[in-house]
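Okay, structure first, notes after.
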Amino acid sequence: MKKILDIIADELICAFTACGYNEKYARVTLSNRPDLCEYQCNGALPAAKEYKKAPIAIANEVLEKLNVSTLFDSKEAVMPGFINLKLSTEFLAGYLDQISSDWRLGCDLIEHPKTIIIDYGGPNVAKPLHVGHLRSAIIGESIKRIGKFIGHNVIGDVHLGDWGLQMGLIITELKLRQPNLVYFDKSFEGEYPTKSPFTISELEEIYPVASSKSKEDTDYKEAAMEATYLLQNGCSGYQALLKHILKVSVTDLKKNYENLNVSFDLWKGESDAQPYIPDMVKYMKDNGYATISNGALVVDVKEDFDTKEIPPCMILKSDGASLYNTTDLATIVERMKLFNPDKLIYVVDKRQELYFEQVFRCARKTKLVGDDTELKFLGFGTMNGKDGKPFKTREGGVMRLENLITSINEEMYNKMKENRTLISEEEALSTSKIVGLSAVKYGDLSNQTSKDYVFDIDRFTSFEGDTGPYILYTIVRIKSILAKYSELGGGGEHMTINPAKSESEKALMLELTKLSSVVESSFEELAPHKICSYVYDLANAFNRFYHETKIISEEDATTRASWIKLLTLAKKILETSINLLGFEAPERM
RNA sequence: GCAUUUAUAGCUCAGUAGGAUAGAGCGACCGCCUCCUAAGCGGUAGGCCGCUGGUUCGAAUCCAGUUAAGUGCACCA
């Protein structure tokens, strides 16, 4: 469906060109003075310079040619040269009727869908998720949903950290504790057990112990490096152990991500890229991209226009071992081969910007990706506590994601019990989870992704103001009215949306037309916070309308039916929007 | 040291391609439940948009400088 802004712009283009002015001046925007008008065109002001006329004269001239009486209720030129427009209520009602009957709510699918891979910067296996993983998951999930909604082929890859010394550490510690396991028996030739020798909580305990031991005990560290080497070079017992580690971790990770309503299309990890490394390194050497510098193999990625020193991208360490860069580049090779994506989006901590700049330049310079594949770094800021410093537990440690979610759900549960005494235990529990998630996600996504933000549980879970719960409450209210309406026997009749009868109704209707452009621009700019602010505006517009309109008790059946249809549309649009943010609304709260 | 990001109300944040009177929420203060959920709605107070200069008819927005805070600068990931 054509957007209202475009419909108006087309009319203005006609008017501007009819007067002999360049159509570039015909740009229309939403009004920044809602008290004066709904849409505005400021083009007469810049045009005044080019055509050496008074802006107000140009505006009046254009207005003369703007002969579409059905589109506007009012149009006027105002000093110094603004063109102020108010949309026709009839046109608006008809437009909303069209949106209502469109299963995509007026949002067109994109004409040329792209294949886009989202990299979530990978949680490590054998380590519990902590708050640092929260933003990547929440932002990535939202971007993925928005992209898919628009019509792109979006592939989310969790991209686990499952390679390197950490695996060797776990194996070493395990060997110390249970030396009799078959995995350590070199002469063993049978099938390894399918049951894991450890649980997730044991695994999570083993890793930090091993890690700290290796820092103090050089022999221990050497053993771990040895184990890592063996693992990476075909020791079958260790590889069987790796599989157990992966399986146990992934099961646990999936459970955690499910609680966040986050899912991935791919559960690949760094280990999957390893087979691509040898050929890639050879290719870089053979083509003269890679050179030796201080013993290490590097690709120079400096450019003439650089204002800063960009260190070369290291491919192999001076001891010949691969490193993070190697794996990330090999992953790009793998992804190009398997999916040939048009775009790769890395949703990672913004502190890694320089690093990814190097990797991207290297990938481009060495032609691992073609010119038509876009590499995009979407860096997010740090989640801080109320003190403005990185979020920690009360004791000062790293907060486990699980604990964070639990404490928020408890918070919601208590509030719910306070406010709604008639609710059953079961419903209170499940609803508090849904509402709690909205609090966390909305709290995160309503900020610009690149900025640090203050994670304030009290504020996010608050029942008041610009919060997830407020949005859900609005949806629940609509649901409640619609339920009551059908309880009273309504719903069968043919419904048409009537022209707005009040300011608040028209304001609500205008909000309802914006979904399509908001979704598009929020994906273009990879900015979910734009959807948040839209949802908030819409919820406000609805609540204002709700407050002064008695819907169920309206005597005129046509008017009542029109409002019910309007509410149904509002509900759909709100639900669609929060779905793009990655949460949902309960039936009651 | 070099680079880079940020600076908007007491607090947390928006501010859409330079445009009309810079907006929300929280907190403060004042109103509104016989009525579809008051987790709501209306209102008041609160701002040299870090600072200085420049471009422009017009700047929170663009440019230069400056101050403060954060972050990053090859064998970690």
Side-chain angles (χ1 to χ4, degrees), chain A residues 27 29-33 35-36 40 42 45-46 48-49 55 78-82 84 121-122 124 161 163-166 270 293-298 306-321 323-325 327-328 349-355 357-358 379 381-382 384 386 388-389 415-416 419-420 435 443 446-448 450-454 456 458-460 462-467 469-470 472-474 476-485 488 504 517-518 521 525 527 529-530 532-533 536-537 540 543-544 546-554 567 588-589:
Chain A
R27 205 169 81 91
T29 56
L30 290 171
S31 170
N32 56 359
R33 287 292 302 274
D35 53 321
L36 300 178
Q40 61 179 325
N42 303 338
L45 293 136
K49 187 175 289 178
V78 181
M79 285 302 279
F82 299 107
N84 289 352
N124 287 327
W163 197 247
L165 186 62
Q166 47 177 341
E270 292 170 348
S293 166
N294 294 336
L297 188 71
V298 302
D306 284 339
T307 54
K308 57 181 168 182
E309 189 79 4
I310 303 269
C313 182
M314 186 175 294
I315 309 297
L316 292 178
K317 298 195 279 188
S318 49
D319 65 358
L323 65 170
Y324 190 39
N325 308 39
T327 301
D328 264 328
D349 192 302
K350 71 177 176 194
R351 282 172 293 193
Q352 298 197 41
E353 183 157 20
L354 176 61
Y355 164 74
E357 177 75 35
Q358 291 174 288
T382 310
N384 289 330
K386 277 189 195 174
K389 291 180 191 148
K415 290 192 176 181
M416 208 157 293
N419 286 273
R420 298 276 180 264
V435 180
S446 55
N447 297 288
Q448 290 182 43
S450 65
K451 288 193 180 179
D452 294 351
Y453 81 105
V454 176
D456 183 341
D458 294 335
R459 186 159 63 84
F460 293 171
S462 166
F463 297 162
E464 287 149 27
D466 188 7
T467 64
Y470 169 76
L472 297 193
Y473 175 69
T474 307
V476 165
R477 261 184 163 174
I478 299 178
K479 283 185 178 181
S480 162
I481 298 170
L482 294 178
K484 185 143 286 179
Y485 179 71
L488 296 172
S504 69
S517 54
V518 168
S521 71
E525 297 164 41
H529 82 277
K530 296 207 159 185
C532 288
S533 80
Y536 182 62
D537 288 345
N540 268 332
N543 280 321
R544 235 166 268 148
Y546 164 90
H547 185 252
E548 60 179 52
T549 316
K550 294 288 159 279
I551 295 153
I552 300 287
S553 55
E554 168 62 38
L567 257 60
R588 307 189 299 171
M589 58 190 279

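Reminder, nothing fancy here: chain letters follow the sequence lines and each chain counts from 1. The shown structure was predicted, so the numbers you read here are calculated from the model rather than taken from an experiment.
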* Asked: Judged by modelled atom types alone, do A/E270 and A/T327 share a side-chain donor-acceptor pair under 3.5 Å?
  -> no
* Syn/anti label of B/C41 as read from its glycosidic torsion, with the cut at 90° from 0 -> anti
* Judged by modelled atom types alone, do A/N543 and A/T474 share a side-chain donor-acceptor pair under 3.5 Å? -> yes
* Mate of B/C33 where both pairing distances stay under 3.5 Å, Watson-Crick or G-U -> none
* Asked: B/A22 and B/A14: how far apart are their C1' atoms, nearest whole angstrom?
  -> 11 Å
* If you measure from the C1' atom in B/A45 to the same atom in B/G27, how many Å do you get, rounded? -> 12 Å
* Structure fact -> Checking B/C75, B/C73, B/G40 against the side chain of A/M314 (C-beta onward), the nearest is B/C75
* Phosphate OP1/OP2 of B/A38 contacted by A/Y546 side-chain N/O (<4.0 Å) -> yes
* Asked: Which nucleotide in the set B/G25, B/A20, B/A17 lies at the smallest distance from any side-chain heavy atom of A/R27?
  -> B/A17
* With a 4.0 Å cut-off on heavy atoms, is A/S293 in touch with a base, just the backbone sugar-phosphate, or nothing at all? -> base
* Contact class for A/N540 vs. all strands (heavy atom < 4.0 Å): base, sugar-phosphate, or nothing? -> sugar-phosphate
* To do: Using the P atoms only, state how far B/A77 lies from B/G19, rounded to an integer number of Å.
  => 47 Å
* Please give the nucleotide sitting opposite B/C73 as a Watson-Crick or G-U wobble pair, both distances under 3.5 Å, or none. => B/G1
* Using whole Å, report how far CG of A/D466 lies from C1' of B/G23. => 12 Å
* To do: Could you measure between the two P atoms, the one in B/G65 and the one in B/A3, and give it in whole Å?
  => 10 Å
* Asked: Can you check the A/N32 CG to B/U16 P distance for me, whole Å?
  -> 11 Å
* Hey, does A/S480 reach any base, or is it just sugar-phosphate, or nothing, if we go heavy atoms under 4.0 Å? -> base
* **Spacing between A/I315 atom CD1 and B/A77 atom P, to the nearest angstrom** => 14 Å
* Looking only at atom C1', what distance separates B/C51 and B/A68, rounded to whole Å? -> 11 Å
* Mind checking the P distance from B/U61 to B/A9? Whole angstroms is fine. -> 15 Å
* Using a heavy-atom cut-off of under 4.0 Å over every strand shown, decide if A/P55 touches base, sugar-phosphate, or nothing. => nothing
* **Distance test, side-chain N/O of A/Y470 to OP1/OP2 of B/C41, below 4.0 Å** => yes
* **Inter-nucleotide P distance (B/G23, B/C48), Å rounded** => 15 Å
* To do: Using a heavy-atom cut-off of under 4.0 Å over every strand shown, decide if A/K530 touches base, sugar-phosphate, or nothing.
  => sugar-phosphate
* Asked: With respect to the side chain of A/E270, which nucleotide from B/A77, B/G42, B/C13 is positioned closest?
  -> B/A77
* Asked: Which part of the nucleic acid does A/M589 contact within heavy-atom distance under 4.0 Å: base, sugar-phosphate only, or nothing?
  -> base
* Asked: Taking for each residue the nucleotide of RNA chain B with the nearest heavy atom, is it A/Q358 or A/L30 whose nucleotide lies nearer the 5' end?
  -> A/L30
* Could you please name the option among B/A20, B/G40, B/A39 that lies closest to any side-chain atom of A/H547? => B/G40
* Asked: Is the ring of A/Y536 stacked on the base of B/A24, with centres less than 5.5 Å apart and planes under 30° off?
  -> no
* Asked: Is the shortest side-chain N/O distance from A/R477 to OP1 or OP2 of B/C36 below 4.0 Å?
  -> no
* Scan A/N294 against the nucleic acid and name what it touches under 4.0 Å (heavy atoms): base, sugar-phosphate only, or nothing. => base
* State the OG-CG distance between A/S533 and A/N540, to the nearest 0.5 angstrom. => 11.0 Å
* Asked: For A/L323, which contact category applies under a 4.0 Å heavy-atom criterion: base, sugar-phosphate, or nothing?
  -> sugar-phosphate
* To do: Record whether the side chain of A/N84 comes under 3.5 Å of the base of B/A20 through a donor-acceptor pair of N or O atoms.
  => yes
* Euclidean distance for P, B/A20 against B/C2 (whole angstrom) -> 39 Å
* Asked: Heavy atoms under 4.0 Å, any strand shown: does A/V476 hit a base, just sugar-phosphate, or nothing?
  -> base
* To do: Report the distance from atom CG of A/L488 to atom C1' of B/C36, rounded to the nearest whole Å.
  => 10 Å
* To do: Verify, without hydrogens or angle tests, whether A/T382 (side chain) and A/N384 (backbone) share a donor-acceptor contact under 3.5 angstrom.
  => no
* So what does A/N325 hit on the nucleic acid, given a heavy-atom distance under 4.0 Å: a base, only sugar-phosphate, or nothing? -> nothing
* To do: Would you mind telling me which of B/C41, B/U6, B/A39 lies closest to the side-chain atoms of A/K451?
  => B/U6
* Over how many whole Å does the gap from A/D328 atom CG to B/A77 atom P extend? -> 11 Å
* To do: Kindly indicate whether the side chain of A/S318 and the base of B/C75 share any N or O donor-acceptor pair separated by less than 3.5 Å?
  => yes
* Asked: Rounded to the nearest Å, what distance is computed from the CG atom of residue A/D319 to the C1' atom of nucleotide B/C76?
  -> 13 Å
* Structure fact -> B/G25 -> Watson-Crick or G-U wobble partner, both distances under 3.5 Å, gives B/C11
* When the nearest nucleotide of RNA chain B is assigned to A/T549 and to A/K386 on a heavy-atom basis, which residue is associated with the more 5' position? -> A/K386
* To do: With heavy atoms under 4.0 Å as the rule, sort A/L354 into base, sugar-phosphate or nothing.
  => sugar-phosphate
* Structure fact -> Of the listed B/C73, B/A14, B/C26, the closest approach to the A/H529 side chain comes from B/A14
* To do: Quick one: label A/Y324 by what it contacts on the DNA or RNA (base, sugar-phosphate, nothing), any heavy atom closer than 4.0 Å.
  => base
* Please state whether the base of B/A20 and the side chain of A/Q40 form at least one donor-acceptor pair under 3.5 Å? => yes
* To do: Identify whether any heavy atom of A/Q448 sits under 4.0 Å from a base atom; if not, whether one sits that close to sugar-phosphate; answer base, sugar-phosphate or nothing.
  => sugar-phosphate
* Contact under 4.0 Å: A/K317 side-chain N or O vs B/C76 OP1/OP2 -> yes
* When all nucleic acid strands are considered with a 4.0 Å heavy-atom cut-off, which category describes A/V298: base, sugar-phosphate, or nothing? -> base
* To do: Nearest whole angstrom, please: distance from the C1' of B/C35 to the CD1 of A/I551.
  => 12 Å
* Structure fact -> Here the distance between atom P of B/A14 and atom CZ of A/R459, to the nearest Å, is 10 Å
* Asked: If we call it a pair only when both distances are under 3.5 Å in a Watson-Crick or G-U wobble match, what pairs with B/C62?
  -> B/G54
